[in-house]
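Have a look at the structure below, then the notes.
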Amino acid sequence: MSLYVDEIIIIGNDIDGISILKTKLAKYFEMKDLGSLRYFLGIEVAYSPKDYLLSQSKYIIDILEQARIY
């Protein structure tokens, strides 16, 4: 489990355990399940059958657009 301000990631291979944890947390905190992880703290996550790809290209493009360089 990773928590940063108001964003949380729960990962593991025990699907039932994750479900129980989310149910218990939801009793104390307002939560939304956004499904599979796609973007977290400026890091884009892509999945393949064998591994994960982490990229910050969207974050970099956003910075360049803000600076009007891109």
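Hydrogens, waters and symmetry mates are skipped; everything else that's a heavy atom, side chains included, is used.
- Atom CG in L54 sits 10.0 Å away from atom CD in E44 (nearest 0.5 Å).
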Output side-chain donor-acceptor pairs under 3.5 Å for residues 11-26, partner residues at least two apart or in another chain, one line each.
residue, atom, partner, partner atom, Å
D14, OD1, D16, N, 3.4
D14, OD1, G17, N, 2.9
K22, NZ, D33, OD2, 2.6
T23, OG1, S19, O, 2.9

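- With sequence neighbours left out, S57 forms a side-chain hydrogen bond (donor to acceptor under 3.5 Å, both in side chains) with S55.
- Judged as a salt bridge (charged side-chain N to carboxylate O under 4.0 Å, His left out), the pairs with a partner in residues 48-62 (not counting sequence neighbours) are, in order, K58-D62.
- Within the hydrophobic cluster formed by Ile, Leu, Val, Met, Phe, Trp and Tyr side chains joined at under 4.5 Å, directly or through other members, L53 stands alone, with no partner residue.
- Distance CD/Q56 to CG/L41: 9.5 Å, rounded to 0.5 Å.
- Scored by the side-chain hydrogen bond (donor to acceptor under 3.5 Å, both in side chains) test, S2 finds no partners at all (sequence neighbours excluded).
- Under a hydrophobic clustering in which Ile, Leu, Val, Met, Phe, Trp and Tyr are joined whenever their side-chain heavy atoms come within less than 4.5 Å, directly or via other members, I9 and V5 fall into the same cluster.
- Residue pairs satisfying the ring pair (Phe, Tyr, Trp, His ring centres under 6.0 Å) criterion with at least one member in residues 2-50, sequence neighbours excluded, are listed as follows: Y47-Y52.
- Looking at heavy atoms from C-beta onward, R38 lies out of side-chain contact with V45 at the 4.5 angstrom threshold.
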